[in-house]
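Scroll down for the structure; my scribbles are underneath it.
Residue numbering restarts at 1 for every chain, and letters A, B, ... go by the order of the sequence lines. Predicted model only: the values in this text are computed from it and were never measured.
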Amino acid sequence: MSNTPTRDIREIIREEPLMHRPILRVLADGPLTVPEIAEALGRPADEVLFWVMGMRRYGMLAESKDPTDDGYFSYAAVGGGVPS
Amino acid sequence: MDHYDVLVVGSGIGGMESAIKLGDMGYKVLLVEKEGSVGGRVILLSKVFPTLDCASCITTPKMAATIHHPNITAMTYSEVMGIRRGGDGRFRASVRQKARYVDESACTGCQLCESACTVAVPDQFNADLIARRAAYIPFPQAVPKKAVIERAGTSPCIDNCPAGIKAHGYVSLIRSGKYEEAFQLVLDATPLVGSLGRACYAPCESGCTRGELEGPLPIRRLKRFVADRHYREMEGPGVTPAQPNGKRVAIVGSGPAGLTAAWQLARNGYEVKIFEAAEEPGGFLRYAIPAYRLPQDVVEQDIANVTALGVQIATNSPVSDLGALRRDGFDAVLLATGTPLSSGLGIPGEQLQGVVGGLDFLRGVRHGRAPDLHGRRVVVVGGGNVAMDAARTARRLGAETLVAYRRGREEMPAHQAESDDAAAEGVEFRFLAAPIAVVGDSAGRVQGLRCQRMELGQPDASGRRRPTPVPGSEFMLPCDEVIAAIGMLPDTASFEAALPIAADRSVKVDPHTLQSEIPYIFAAGDVVTGPTDIARAVGQGRRAAHMIDRWLTNRPLTGFHALDDRLAAVDTAEVLGRQRRYTRHDPLVADVQHAALPRDFAEIEPPMREDEALQGAGACLDCGVCSECGQCVAACPPSAIDLSMRERTFDAEVGAVVVSTGYKLFAADLKPEYGFGKYPNVITAMQMDRLIAPTRPFNTILRPGDGKVPERIAYVMCTGSRDKTVGNPLCSKICCMYSTKQNQLIMGTLPLADVTVHYMDVRAAGKRYEEFYQQAKDMGASYIKGRVAKITETENGNLILRYEDIENGGEIAEAEYDLVVLAVGVQPNRDPERLFLDEPLGLDDYYYVAEPNEDLNPGKTSIPGVFVAGAASGTKDIVDTILHAGAAVAQVAAHLEQENRTKKVPV
Ligand SMILES: Cc1cc2nc3c(=O)[nH]c(=O)nc-3n(C[C@H](O)[C@H](O)[C@H](O)COP(=O)(O)OP(=O)(O)OC[C@H]3O[C@@H](n4cnc5c(N)ncnc54)[C@H](O)[C@@H]3O)c2cc1C
Ligand code: SF4
Ligand code: SF4
């Protein structure tokens with residue numbers, strides 16, 4: 001984590017719309033935590049968190065009721081899944 | 001001019017309290033707030049110390065009272081530009097009401113625009129922890145709860161497009177995977193989506209801000225991408241025209257201008273018939289631009305959009321009598337006949353066999369009458385795009401081709417890409433060569449072109465250096481064919497009797513309305529402007545359609561928002577200044593394989609793949625913020641969104657001013673040793689307040705690095721306060737108590753979490769503050785005395801704090817945490833300095849608004865009649881702010897009453 005240079009927040013956030021479909025695709029088989037989504041996409045977890053929270057805010061994702069034992073919530077696609 | 005008793009600047013708790021109390025006393029108050037809602041910072045907090053009352057619960061009633069008070073005019077999303085004192089001692093304030101682009105009276109606050117919006121930006125109301133949209137309602141409890149569309153200006157790509165196509169809009173739609181919507185956005189401007197996607201010279205790309213970094217976005221090819229996809233997957237344009245309105249329009253010419261106008265008018269319910277002289281419609285799209293750049297089937301797909309709306313195209317139908325069309329029952333006529341004539345060389349030998357005009361040559365090839373040029377030497381005269389097309393076409397027909405141009409490479413009007421492509425295909429160039437005669441053999445066939453060498457002198461009217469002949473430098477270019485591509489002209493001779501025609505043979509019309517002297521005749525495209533390009537002709541066609549519609553419906557010929565009265569282009573430097581660093585995006589260049597001797601007319605540019613399109617669109621910087629994609633407009637149930645709204649500036653006369661502009665928070669990255677902005681799990685206390693608040697950005701308190709529920713949380717007190725190294729020796733006073741509040745709330749929300757506070761000393765001076773602090777300790781918060789020297793990050797995102805452990809012998813110690821909260825200090829807001837234009841507002845040593853007689857006259861500033869309320873004059877908690885506002889209100893009332901009395905006493 002410490003070796004990845006952090007990108008400007010504005011730049012990460014700007015990419016959220018671009019990441020909607022890749023994120024919905026990796027969630028197609030079931031809910032995942034932020035580090036799991038990050039791993040599946042090959043992207044840093046702090047960037048994925050911005051995208052996941054943006055998607056949650058606008059009703060595309062919802063969190064699990066409880067976190068895992070390691071303290072992570074899972075996020076699932078809400079509604080139609082991956083748009084065509 | 002509007003008249004008020006008091007102007008209150010800023011609507012935080014201090015401003016609202018001042019306005020309400022003054023309003024209650026019967027004074028007329030103008031309240032100006034720069035954000036889209038009143039409420040300031042308190043409404044964004046979780047709870048308030050030491051009562052732990054919910055911040056929303058105490059603030060929302062004040063917000064509602066402010067907005068609904070009969071004596072308060074509250075203007076949100078507005079700014080005071082400047083305040084001057086008038087001769088009568090009163091003040092004149094100039095106020096800018098920014099455009100919300102939303103009709104406040106119609107907006108219901110449903111937030112559907114937000115969900116539809118394709119632009120994500122950091123949410124300032126959530127301390128940048130999460131994205132909001134360019135269309136947004138500031139926060140859930142906003143008052144007024146009305147949307148704002150954030151627009152910084154017109155994005156440069158849109159501003160540069162002479163067709164008024166929303167380039168940024170379709171880029172942002174593609175980025176969101178909305179390919180059909182992107183196609184429809186272009187289609188809204190013109191039916192020629194596929195043609196522009198290939199043959200437009202893309203002025204949008206020349207303006208693209210990304211060009212200042214590593215290169216512009218492939219905006220044109222993105223358009224081609226959505227066009228290719230639409231034509232592959234959809235039947236027809238997918239547009240339903242309006243009900244027929246019974247009016248008929250004749251359009252003469254079916255080039256980009258004519259086709260675009262036909263499309264726009266037909267969509268609006270007009271019956272449109274196009275009269276085209278050639279065998280097939282399309283104008284230069286079909287008969288000039290070579291197929292290797294613009295395949296025939298693409299032009300046909302684009303034209304099919306127009307005929308799908310019922311537009312009739314009569315080919316082989318040249319029109320010479322415009323009046324006859326009127327007599328045939330057309331209500332209006334649009335002349336869009338382009339520039340079909342090639343200019344002559346004007347030199348001896350021009351009539352020889354083997355000399356041909358550039359346009360005639362290209363037209364012949366597209367008509368299927370391509371000459372066999374194998375083994376022949378062709379000289380193309382001219383340096384424009386048509387010359388490049390002619391040269392590359394001649395190459396494909398087998399010729400050895402040379403372009404002769406009278407100026408240098410730098411001065412060539414052809415686009416660089418066109419001349420580069422020509423060179424890559426084996427076309428040779430001879431610069432500074434002006435033809436003086438075509439030389440022929442006894443049979444009257446071309447043998448060569450006699451030229452003269454030129455040198456470049458001073459720039460001429462076009463800004464290019466004027467070529468002058470070098471005496472005695474004549475030379476011969478032996479050749480078999482000469483193609484003259486030096487210019488094109490309109491063919492308007494047959495209209496001369498009916499219409500005013502200019503010396504350059506173009507039709508004279510009003511450049512704004514495109515109406516001619518004969519009101520029912522309009523003209524558009526190159527026949528008006530002289531040779532330009534597809535995008536300009538499209539823009540003209542749109543304008544003509546708009547004006548014809550206005551004219552036929554008896555409305556003034558105005559309101560063409562697609563190109564007129566656009567917002568000023570956003571400043572590129574401003575756009576680039578929004579970020580501290582940029583990740584490199586390698587520009588996407590089409591993988592065109594040029595053959596040194598091309599043999600056919602197959603399209604040379606490969607289509608864009610979906611991954612390339614997403615990568616290309618993903619580089620967009622959202623220059624204007626709102627991309628004008630139009631999704632919000634389509635989503636809004638009451639049609640409240642209107643992007644043509646504009647800001648309004650007005651003057652108000654007021655008797656007194658209350659400055660209640662609050663404070664700023666210390667920018668935590670100014671202490672780099674704490675790693676804020678570098679380590680995602682180092683956050684500020686304002687961010688923690690948002691994470692704890694019921695309207696929090698995440699589902700609970702999570703660390704931003706990876707979404708983990710934190711178990712060990714550290715507070716670093718006095719970040720940016722009591723710290724001379726950052727220029728702030730003052731204690732910020734509120735940090736100890738807000739941290740104590742947060743500690744208690746965290747322990748309430750996350751019962752398993754440990755909270756440790758690294759502090760210098762805790763200042764709990766105030767009623768019930770000491771008890772509040774003790775209560776946090778009793779709940780389990782640990783306190784470690786000693787400054788934190790440095791924070792470093794571990795592999796898993798945890799943070800190691802290095803600190804001096806004063807109570808254990810002053811040892812240097814380290815501790816590991818999941819999340820670190822910096823208790824950032826308060827800083828002055830320097831905005832008030834700019835408010836007063838003719839007398840400076842006094843500031844104290846720390847740049848807060850000064851109260852020269854603070855002990856006895858709190859709230860009074862250095863300017864008589866100007867008062868300060870709340871944290872603008874120094875750090876204050878909520879209770880102190882309310883008290884201070886009360887003091888300011890009393891001062892204002894005393895001032896106004898005294899003024900009134902002075903006025904009433906006869907002198
Ligand atoms: C070789 C060449 C290559 C070009 N390449 C590009 C390019 O890559 N990108 C770009 O942006 N621009 C390019 N241009 C410029 C672009 O094609 C023109 O600016 C654009 O086509 C002008 O549109 P228009 O509708 O005004 O005229 P036109 O396209 O010329 O259309 C006019 C139409 O009116 C018809 N007409 C004329 N007189 C009559 C009459 N009396 N009655 C009935 N019909 C009539 C004509 O037959 C024609 O169909 C190129 C031009 C040329 C010549
Ligand atoms: S960066 Fe995006 S918005 Fe800005 S000019 Fe380029 S394409 Fe347009
Ligand atoms: S969609 Fe329309 S009504 Fe709904 S919040 Fe947005 S602007 Fe207001």
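Remark: the backbone N or O of A/V48 is not paired with any side-chain donor or acceptor of A/R43 at under 3.5 angstrom. A donor-acceptor pair under 3.5 Å is absent between the side-chain atoms of A/D70 and the main chain of A/Y72, judged by distance alone. Using modelled atom types, no side-chain atom of B/E114 and backbone atom of B/R133 make a donor-acceptor pair closer than 3.5 Å. A donor-acceptor pair is defined here as one N or O able to donate and one able to accept, closer than 3.5 Å; such a pair exists between the side chain of B/R703 and the backbone of B/D818. Although no hydrogens or angles enter the test, the distance criterion places a donor-acceptor pair under 3.5 Å between the side chain of A/D8 and the main chain of B/R580.
Only the backbone of B/L129 comes within contact range of chain A, judged by heavy atoms closer than 4.5 Å. Contacts of A/R14 with chain B are made by both backbone and side-chain atoms, with heavy-atom separations under 4.5 Å. Neither the backbone nor the side chain of B/C117 comes within less than 4.5 Å of any heavy atom in chain A. Proximity to chain B (any heavy atom under 4.5 Å) is shown, for A/E11, by both the backbone and the side chain. If you measure heavy-atom distances from B/T118 to chain A, the contacts under 4.5 Å come from the backbone alone. Residue contact with chain A, scored on non-hydrogen atoms closer than 4.5 Å, involves the backbone and the side chain of B/P704 alike. For a residue to count as touching a neighbouring chain, one of its non-hydrogen atoms must lie under 4.5 Å from one of that chain's; by this rule A/L18 touches chain B with backbone and side chain alike. In this structure, chain A has a heavy atom under 4.5 Å from the side chain of B/T700, while its backbone stays farther away.
In terms of non-hydrogen atom pairs under 4.5 Å with chain B, the most contact-rich of A/R56, A/E16, A/M19, A/E15 is A/R56. Top candidate by heavy-atom pairs under 4.5 Å with chain A, chosen from B/Q579, B/E711, B/R578, is B/Q579. When each of A/T33, A/L49, A/V52, A/V34 is scored by its heavy-atom pairs under 4.5 Å with chain B, the top score falls to A/L49.
Taking a cutoff of 4.0 Å between a charged side-chain nitrogen and a carboxylate oxygen, B/E814 and B/R802 qualify as a salt bridge.
Between B/A753 and B/I746, the shortest heavy-atom distance links the atoms CB-CG2, 4.3 Å.
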* Worked check of side chain to side chain contact (heavy atoms under 4.5 Å, CB included) between A/R7 and B/R581 -> CA-CA 7 Å; A/R7 293 200 292 152; B/R581 34 186 191 277; 5.7 Å; no

